[in-house]
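Predicted model only: the values in this text are computed from it and were never measured.
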Amino acid sequence: QLQLVQSGGGLVQPGGSLRLSCAASGFTLDGYVIGWFRQAPGKEREGVLCISSFGGGTNYADSVKGRFTISRDNAKNTVYLQMNNLKAEDTAVYYCAAHQEIEAIVQPLCTVSHSFMYDYWGQGAQVTVSS
């Protein structure tokens, strides 16, 4: 069974940090784009950031640039989302997702603009930023 298993999340004060993990089960993340999405109560799901497999390029939403970092450890078959300087508006359920990537001579930048591109999804993790 192919699935993504998330861990991490919780309650943190504004300005604090959290790390989310996303581990693949039943397949290897090598060759897959990994994206992180979030959905706040009453709002639509939004793409946060992604990382490519070929070349390791990343793409961040403006709202998290300079605060969030995505990294991947292919040996552990896991992707991490490091969130620093968290704000109340970061409160949401966070999802990791994956889709296969085609290697190209000039590797296009990954995107989280279209969630339908992603085939596999984690179960979600609640992140609450509150004092």
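Between Tyr118 and Phe37, the angle of the ring planes goes over 60°, which puts this pair in the perpendicular group of the 30/60° scheme.
Minimum heavy-atom separation, Ala92 to Ala40: CB-N, 3.8 Å. Counting all heavy atoms, side chain and backbone alike, Ser17 lies closest to Gln82 at CB-NE2, 3.9 Å. Between Arg67 and Asn85, the shortest heavy-atom distance links the atoms NH1-O, 3.0 Å. Contact record, Tyr32 with Ala98: CD2-CB, 4.1 Å, taken as the closest heavy-atom pair. Closest non-hydrogen pair, Gly31 versus Phe54, comes out as CA-CZ, 4.1 Å. Here the closest non-hydrogen pair linking Gly47 and Ala61 is O-CB, 3.8 Å.
Atom-to-atom distance recorded for Leu86:CG and Phe68:CZ is 5.0 Å, nearest 0.5 angstrom. Taken to the nearest 0.5 Å, the CH2 atom of Trp121 stands 16.0 Å off from the CD atom of Gln3. The CD atom of Gln126 lies 7.5 Å from the OG1 atom of Thr91; values are rounded to the nearest 0.5 Å. Atom CD in Gln39 sits 9.5 Å away from atom CD in Glu46 (nearest 0.5 Å). Summarising the geometry, atom SG belonging to Cys50 is positioned 6.0 Å from atom CG belonging to Leu109; distances are rounded to the nearest 0.5 Å. From Phe27, atom CZ reaches atom OH of Tyr120 across 6.5 Å, with rounding to the nearest 0.5 Å.
A donor-acceptor contact shorter than 3.5 Å links the side chain of Asn59 to the backbone of Cys110. Side chain of Thr78 to main chain of Lys76: a donor-acceptor pair is present (N/O by atom type, distance under 3.5 Å, no hydrogens or angles). A donor-acceptor pair under 3.5 Å is absent between the side-chain atoms of Gln1 and the main chain of Gly26, judged by distance alone. Gln13 contributes no side-chain N or O that, together with a main-chain N or O of Ser131, makes up a donor-acceptor pair within less than 3.5 Å.
Residues passing the salt bridge (charged side-chain N to carboxylate O under 4.0 Å, His left out) test with Lys43, sequence neighbours excluded: none.
Contact of the Arg38 side chain with the Leu81 side chain is not registered, since no non-hydrogen atoms from C-beta on lie closer than 4.5 Å.
Hydrophobic clustering (ILVMFWY, side-chain heavy atoms < 4.5 Å, transitive): Ile70 and Tyr95 are in distinct clusters. A single hydrophobic cluster is seen to contain both Leu18 and Val129, as judged by linkage of ILVMFWY side chains at heavy-atom distances under 4.5 Å, directly or through other members. No chain of hydrophobic side-chain contacts below 4.5 Å, direct or via other Ile, Leu, Val, Met, Phe, Trp or Tyr residues, connects Val33 to Leu29. Linking Ile, Leu, Val, Met, Phe, Trp and Tyr whenever their side-chain heavy atoms come within less than 4.5 Å puts Met83 and Leu49 in one cluster. Tracing side-chain contacts under 4.5 Å through hydrophobic residues (I, L, V, M, F, W, Y), one reaches Val48 starting from Val12; they form part of the same cluster.
Surrounding CD of Glu44 are at most 12 heavy atoms belonging to other residues, nucleotides or ligands under 6.0 Å away. Within a 6.0 Å radius of CD1 in Ile102, no more than 12 heavy atoms belonging to other residues, nucleotides or ligands are found.
With hydrogens and angles left out, the side-chain atoms of Gln107 and Glu101 include a donor and acceptor closer than 3.5 Å.
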Please evaluate residues Val127 and Leu20 with respect to the criterion side chain to side chain contact (heavy atoms under 4.5 Å, CB included), reporting the C-alpha separation (whole Å), side-chain torsions for both, the decisive distance (0.1 Å), and the verdict.
CA-CA 9 Å; Val127 172; Leu20 304 180; 4.2 Å; yes
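A salt bridge does not link Lys87 with Asp90: every distance from a Lys NZ or Arg NE/NH1/NH2 to an Asp or Glu carboxylate oxygen is 4.0 Å or more.
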